Amino acid sequence: MQRRSFLKKAGMGMVAGTAAVGAPALAQENPSIKWRMASSFPRSLPALFGTSEKFVNYVKEASGGQFVIDVFPAGEIVPALQVMDAVSNGTVQAGHTCGYYYFGKSPAYCFDTAVPFGLTARQMMAWILEGNGKALLRELFDPINIVNFPLGNTGVQMGGWYRKEINSLEDLKGLKMRTSGFAGEVLSRLGVIPQQIAGGDIYPSLEKGTLDAVEFVGPFDDEKLGFNKVAKYYYYPGFWEGGPQVSAYMNKDEFAKLPKNYQAIVEAACMYATANMTAVYDAHNAAALRRLIAGGAVLKEFPKEVLDAGYKASVQLYKEFSDKDPMFKKIHDDYMAFRDDLAPWFNLVEGSYTRYLAYAISQSRKA
């Protein structure tokens, strides 16, 4: 009995000793860290702002509540279009924004989101994960002290809302249109007067007549923002946004301070939230479009003349920027080679499949 009592006491002592040693080690591995994330999007957009909320919730749960990131909608900490600067200079540790908002700083940032006649959502993710996209974009953002991650993709977007019909290139001339980044440059070559306005300020500008047209995302968001109430013609496709990626920007110095397991959690959370955003848009755009049409929206396809002119202007701009900026050229050449390699495959298989499926469904509904 004395021997058993000794062993029991010794065992309890070993457990207590392990706990005493293990607790500080665990605390070192999972320290309590709190960050702030500034968003470029208003809280009223559940797919865009909601994606950052899903991201921070994932980080909190995966870290056992030890790594907490508070996310703030556009304007609460910094204006919507100044998120990149706030992350770069350390005002906040993280941001949720779009690279093409910062076209004025460098056109190359647009490759982090979308460029005219560029990659679709799936192709963009393939370029990031299996192509050279991740390495090239990390090289692009390194000089401004940012580590970038995908944090959402809307899928191909609509071409926007217009007060009048667009039947020819002539109808675009003098049109004051809300658009962002590279798209604005291309459309300006077609006669459009581009206006860069944050999401929350678009409707008042359209309502007051400051704008003649606006492009934002697609039916799910556009319905919530009410653009159909002041501009009834709804055009497609948004040839300047075939698969726009939304991004998480992390201050490089702050990210480097994170334990390796927290860095891994951040990356995993970004991948989860990215897939979720695309799923939200895919699941809800179709129903939202039907409601918009039932409410009086007039769905129209851009004339081929407009698409051809847009493509020609895009190619010319790519050359001009490549001639001026070696980094732009480096990313452009790789990105476009990847696009050109994938596009025929997608057209052959997915294009033929979806075209036939749409036809078969329409025929079965007539029967």
Side-chain angles (χ1 to χ4, degrees), residues 47 51 100 110-137 150-159 182-183 186 215 217-221 234-247 270-290 293 299-312 314-315 318 331-367:
T51 294
Y100 64 12
C110 296
F111 288 109
D112 188 48
T113 305
V115 294
F117 301 97
L119 300 171
T120 66
R122 280 179 56 192
Q123 292 165 0
M124 182 70 172
M125 189 55 67
W127 182 60
I128 295 290
L129 297 181
E130 290 293 318
N132 297 319
K134 180 179 179 179
L136 287 168
L137 293 175
L151 189 52
N153 197 306
T154 70
V156 63
Q157 295 190 3
M158 293 291 286
F182 214 128
V186 170
E215 63 84 19
V217 179
F220 185 55
D221 285 337
Y234 200 21
Y235 276 84
Y236 68 93
F239 58 83
W240 47 87
E241 295 186 271
Q245 178 176 276
V246 187
S247 295
C270 285
M271 291 299 100
Y272 158 74
T274 295
N276 187 265
M277 180 191 280
T278 304
V280 168
Y281 280 111
D282 285 346
H284 296 289
N285 271 331
L289 180 59
R290 288 192 292 269
I293 293 172
L299 193 63
K300 305 278 287 184
E301 184 174 6
F302 280 126
K304 186 173 181 294
E305 176 187 12
V306 170
L307 294 173
D308 288 344
Y311 187 85
K312 182 178 179 181
S314 299
V315 171
Y318 290 138
I331 300 174
H332 166 272
D333 291 354
D334 187 88
Y335 178 101
M336 291 303 177
F338 196 86
R339 180 203 67 177
D340 295 351
D341 187 51
L342 265 61
W345 162 250
F346 273 75
N347 182 58
L348 175 73
V349 180
E350 296 220 3
S352 61
Y353 174 75
T354 54
R355 281 193 299 272
Y356 178 76
L357 188 59
Y359 163 78
I361 292 170
S362 68
Q363 292 302 303
S364 65
R365 286 177 175 172
K366 291 177 183 178

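Everything numeric in this text was worked out from a predicted model, so none of it was measured.
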Quiz item: What is the distance from atom CD of E241 to atom CE of M158, rounded to the nearest 0.5 Å?
Solution: 12.5 Å
Exercise. Check whether any side-chain N or O of N285 sits under 3.5 Å from a backbone N or O of Y281 as a donor-acceptor pair, and report yes or no.
Key: yes
Self-check item: R365 side-chain N/O to A360 backbone N/O, donor-acceptor pair under 3.5 Å
Solution: no
Quiz prompt | Side-chain donor or acceptor of S247 paired with backbone N/O of P150 under 3.5 Å | solution = no
Quiz item: Going through the checks in order, is the side-chain contact (heavy atoms from CB on, under 4.5 Å) test met by V306 and Y311?
Solution: CA-CA 9 Å; V306 170; Y311 187 85; over 6 Å; no
Exercise. Drop me the distance from D341's CG to W127's CH2, to the nearest 0.5 angstrom.
Key: 14.5 Å
Quiz item: Under 6.0 Å from the CZ atom of F346, do we count more than 12 heavy atoms belonging to anything else shown?
Solution: yes
Quiz prompt | For G155 against A121, the heavy-atom pair lying closest together | solution = CA-CB, 4.0 Å
Quiz item: Is there side-chain contact between H332 and F111, with at least one heavy-atom pair below 4.5 Å?
Solution: yes
Quiz item: So which heavy atom on V186 is nearest to which on G310, and how close?
Solution: CG1-O, 3.7 Å
Quiz item: Where the side chain of T113 meets the backbone of C110, is there a donor-acceptor pair that is under 3.5 Å apart?
Solution: no
Quiz item: CE/M125 to CD1/I128 distance, rounded to the nearest 0.5 angstrom?
Solution: 7.0 Å
Quiz item: Would you call the rings of H284 and F220 parallel, tilted or perpendicular, where under 30° means parallel and over 60° means perpendicular?
Solution: parallel
Exercise. Given side-chain contact (heavy atoms from CB on, under 4.5 Å), test V349 with W345 step by step and report yes or no.
Key: CA-CA 6 Å; V349 180; W345 162 250; 3.2 Å; yes
Quiz item: Under 3.5 Å, is there a donor-acceptor pair between the side chain of Q245 and the main chain of N153?
Solution: no
Quiz item: Nearest 0.5 Å, what's the CE-CG distance between M124 and L119?
Solution: 6.5 Å
Quiz prompt | T120 side chain to G242 backbone, donor-acceptor under 3.5 Å | solution = no
Practice problem: Measure across R355 and N347 and return the closest heavy-atom pair with its distance rounded to 0.1 Å. | Solution: NH1-OD1, 3.8 Å
Quiz item: Under a 4.5 Å cut-off applied to non-hydrogen side-chain atoms, are L299 and L289 in contact?
Solution: yes
Quiz item: Shortest non-hydrogen contact from G131 to F338?
Solution: CA-CE1, 4.1 Å
Practice problem: Measure the spacing between CG of L151 and CE of M271 and express it to the nearest 0.5 Å. | Solution: 8.5 Å
Practice problem: Could you label the plane-to-plane angle of the F239 and F302 rings as parallel, tilted or perpendicular, counting under 30° as parallel and over 60° as perpendicular? | Solution: perpendicular
Quiz prompt | Closest heavy-atom pair and its distance - M277, T154 | solution = SD-N, 4.1 Å
Self-check item: D112 CG to Y100 OH distance, which is reported to the nearest 0.5 Å
Solution: 11.0 Å
Quiz item: Is there a side-chain contact between V115 and W240 (heavy atoms, below 4.5 Å)?
Solution: no
Practice problem: Could you tell me if the ring centre of F182 sits under 6.0 Å from that of Y318? | Solution: yes
Quiz prompt | Q363 atom CD: more than 12 heavy-atom contacts under 6.0 Å | solution = yes
